[in-house]
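Have a look at the structure below, then the notes.
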Amino acid sequence: WLFSLAMRDLRWIAAAMAVMAVAAMAQEAEGEQAATGEEAAGACSFAAVVPWTWKAPIDVDLSQRIQVKQDNPLATPDTLCKCPAEKAGDVSTTCECTGQQEDDCDAYSRIMAYIVLFMERFMGVILHINEYSKKYHIENVLFWTILGNIFFWFGIAAILYSEIKAVIIARERDERDRLVSREYLKRDEMKCEELEAREIEATRPRPYLTMTGFALFWIGLMCQLTPFCGILGMIFPGLEFFQGFCFLFVVVGTFTLSLSAFFLVIGLCWSCTRGYAALVFIVLGLLGDLVMFGGFWFIVAWWVLSAVVLYVYFSWAPDSYNSPYLQDLGNFYKPSHDVNDWMDAARKGGESFQAETVDLVKNIPGGKEAVEAGDKVFTSMSSSKEESKETASGSI
C-alpha cells in the first residue's frame, strides 16, 4: 500500500514537471520566434549603464559623432542611444541603445557608445562646437582673440620685467650682507647708504609696473573670453550663479584666473631667492585654479583666504615673530597716491629701462662700438641744433 501510494505521488510530480517543461518550451519558442522576427527586421538593442546622470533627456546618435565612410569597418551607421533625465536619488543612468542592423549592437558599438556618452556628458562643448559656432558667432571673434593676446603678453612681460629686476637686486643685497656678516667685506656706511638709495630709486616703478601688468593680463583674458561667454558656463558648470549675467561671469572668472596666474608668476620669480614666501604664492595660485570648478562661493572664500594669508604672512607675523620662515619680497612695494610720484616713477623706470637696454646691447659682439657711434651722432646733431639756434638769435 505504501509502495502504491508513493508511486502515485511520483506520477503526480512527474506530470507537474512535464507540464512545466512544456510551458517553458512554449515560452522559449515564442521568444525565439520574436527574436527571429526582430532579426528579420534587422533591429537590435542593448542597455548602456553609465555612472552619471543628465538633467534633461538626451538622444545620442553615434552615426553623427563618428564621421567615417560607410565601407569603413569601424563605422557605426545607425546606433541611437536614448538616456532619460535624472530622478531624485539617481546616481546612474540606463541608456537604451538601438540599431538597424546586427552590427550596430556588437562589442565595438557598445564600447563606442560608452565613449560617446562620456564625451557627451563631460566634453559636450567639443562635440557640439559646430552648433555653438553658428549660435554664438565664434567665427567673428578673431579680432577679440588677437587684441586679448596683445594685452595678455604685454602684461606678462611687464610683470616678469618688474619682478625679475627686483629679484636680482634682492639677491645682490643678500650676497652683500652675507659677505659683510662673514667679514669678507667691510661695511662702508656712506657707500652702502648710497647704493641702497640707488636700488630704491631703481625699484620705485615696481609696484606700478607690476600692478599695470596684472591689469593688462586681466584685460587680455577678458577680451579673449568675452565672445565665448555662452560656452564658459558649460566649461565651468559650478558657476550657475551667473546664469543670465554672462558678462559678470566673465569678469569674475577672468579676475580669479588672472589673480591665480599672477600669484604663480610671482611665486616662480621669487622661488630661487625667497623660497618660503614664494611657496605661499604658489599654493594660493594653484588653489585659485582649482576653485574655479567649485562655484561662486568657493571663489569668494578663496578671495578672503588669499587676503588673510597675505596680510598675516607679510604684515602681521613679521611684526610679531622673528622666524626664518617669514620672508619678504624685497620690501620694495611703496606705492603712492600722488600723481606727481607716479610720473616721477614712470620717468625713473624709463631711464632705468634705457640704461639696461644700452648695457644689454653693449654685451653683444660689436654692440659697444655701435652704441659709441650712436652717441657721437646724437652729440653732433645736438650741437648742430644749438649752433643753429645761436645763429638765428644773433641774426635777429
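The residues of the chain are indexed from 1 along the displayed sequence.
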- Message: Less than 4.5 Å apart, side chain to side chain, heavy atoms only: is that true for Leu329 and Val167?
- Response: no
- Are Ile219 and Val252 linked, directly or through other ILVMFWY residues, by side chains that come within less than 4.5 angstrom of each other? yes
- At their closest point, which heavy atom of Gln224 faces which heavy atom of Thr145, and how far apart are they? CG-O, 3.9 Å
- Message: Assigning hydrophobic clusters by single linkage (Ile, Leu, Val, Met, Phe, Trp, Tyr; side-chain heavy-atom cutoff under 4.5 Å), is Phe255 placed with Met222?
- Response: yes
- State whether the side chain of Trp302 and the backbone N or O of Leu284 hold a donor-acceptor pair below 3.5 Å, judged by distance alone. yes
- Value for CD1 (Ile282) from OG (Ser271), rounded to nearest 0.5 Å, stands at 5.5 Å
- Query: Any chance CZ of Phe46 has more than 12 other-residue heavy atoms, nucleotides or ligands included, within less than 6.0 Å?
  - Reply: yes
- Message: For Trp54 and Trp52, take the angle between the two ring planes, folded into 0 to 90°, and tell me which bin it lands in: parallel under 30, tilted 30 to 60, perpendicular over 60.
- Response: perpendicular
- Under 4.5 Å between any side-chain heavy atoms of Leu290 and Phe298, yes or no? no
- Task: Check the pair Asp90, Lys87 against side-chain contact (heavy atoms from CB on, under 4.5 Å), reporting the backbone distance first and the verdict last.
- Result: CA-CA 6 Å; Asp90 285 351; Lys87 298 179 182 178; 3.2 Å; yes
- Task: Please step through side chain to side chain donor-acceptor pair (under 3.5 Å) for the pair Ser162 and Thr210, ending with a clear verdict.
- Result: CA-CA 6 Å; Ser162 175; Thr210 300; 2.8 Å; yes
- Query: Do Val91 and Pro51 have side-chain heavy atoms sitting under 4.5 Å apart?
  - Reply: no
- Message: For the CZ atom of Arg110 and the CD1 atom of Ile115, what is their distance to the nearest 0.5 Å?
- Response: 14.5 Å
- Query: In terms of heavy-atom contacts, does CZ of Phe214 have more than 12 from other residues, nucleotides or ligands at under 6.0 Å?
  - Reply: yes
- Which atom names give the shortest non-hydrogen contact between Ala158 and Gly213, and what distance separates them? CB-CA, 3.8 Å
- Between Phe118 and Phe122, does a ring pair (Phe, Tyr, Trp, His ring centres under 6.0 Å) hold up when you go through it step by step? CA-CA 6 Å; Phe118 174 83; Phe122 300 102; 5.1 Å; yes
- Might you point out which heavy atoms bring Thr256 and Gly288 nearest each other, and give the distance in Å? CG2-O, 4.1 Å
- Task: Take Cys83 and Leu117 through the test side-chain contact (heavy atoms from CB on, under 4.5 Å) and record every step on the way to the result.
- Result: CA-CA 9 Å; Cys83 303; Leu117 289 172; 3.7 Å; yes
- Can you find a pair of side-chain heavy atoms, one from Ser92 and one from Thr53, that are under 4.5 Å apart? no
- Are any non-hydrogen side-chain atoms of Met211 and Phe262 less than 4.5 angstrom apart? yes
- Task: Kindly compute the distance separating CD1 (Ile58) from NZ (Lys82), expressed to the nearest 0.5 Å.
- Result: 12.5 Å
- Task: Apply ring pair (Phe, Tyr, Trp, His ring centres under 6.0 Å) to Phe151 and Phe217, showing your working.
- Result: CA-CA 6 Å; Phe151 284 123; Phe217 185 87; over 10 Å; no
Below 3.5 Å, can you tabulate the donor-acceptor pairs from side chains in residues 307-325 to any protein atom, sequence neighbours excluded?
unit_1	atom_1	unit_2	atom_2	d
Tyr313	OH	Ala277	N	3.4
Tyr313	OH	Tyr325	O	2.5
Tyr313	OH	Gln327	N	3.2
Ser320	OG	Trp316	O	3.2
Ser323	OG	Tyr325	N	3.2

- Begin with the C-alpha distance, continue with both residues' side-chain angles, and end with the deciding distance and a verdict on disulfide (SG to SG under 2.5 Å) for Cys105 and Cys44. CA-CA 6 Å; Cys105 299; Cys44 68; 2.0 Å; yes
- Message: Rounded at 0.5 Å granularity, tell me how far CD1 in Ile156 sits from CG in Asn149.
- Response: 11.5 Å
- Item | For the student: nearest non-hydrogen atoms of Pro84 and Thr94, plus distance | CD-O, 3.4 Å
- Query: What heavy-atom pair brings Leu221 and Ser258 nearest, and what distance separates the two atoms?
  - Reply: CD1-OG, 3.2 Å
- Do Glu86 and Thr93 meet the criterion of a side-chain donor-acceptor pair at a distance under 3.5 Å? no
- Task: State yes or no: do Leu259 and Val251 share one hydrophobic cluster built from I, L, V, M, F, W and Y residues joined by side-chain heavy-atom distances below 4.5 Å, directly or via other members?
- Result: yes
- Query: Shortest non-hydrogen contact from Ile299 to Val291?
  - Reply: CG1-O, 3.9 Å
- Query: Distance from Ile168 atom CD1 to Cys269 atom SG, nearest 0.5 Å?
  - Reply: 10.5 Å
- Between Arg206 (side chain) and Glu163 (backbone), is there a donor-acceptor pair under 3.5 Å? no
- Message: Measuring only between side-chain heavy atoms, which start at C-beta, is Leu305 closer than 4.5 Å to Leu287?
- Response: yes
- Message: Is any side-chain heavy atom of Thr98 closer than 4.5 Å to one of Thr79?
- Response: no
- Message: For a side-chain contact (heavy atoms from CB on, under 4.5 Å) check, start with the C-alpha distance between Ile266 and Ile159, then their side-chain angles and the critical distance, and finish with the verdict.
- Response: CA-CA 8 Å; Ile266 296 295; Ile159 295 171; 4.3 Å; yes
- Query: Among the clusters formed by ILVMFWY side chains lying less than 4.5 Å apart, do Val283 and Leu286 turn up in the same one?
  - Reply: no
- Item | Any pair counted as side chain to side chain donor-acceptor pair (under 3.5 Å), so long as it reaches residues 272-296, sequence neighbours left out | Arg171-Thr273, Asp174-Arg274, Ser260-Asp289, Arg274-Asp328
- In Å, rounded to the nearest 0.5 Å, how long is the span from CG of Leu279 to CH2 of Trp270? 15.5 Å
- Query: Shared ILVMFWY cluster between Val265 and Phe263, side chains joined below 4.5 angstrom?
  - Reply: yes
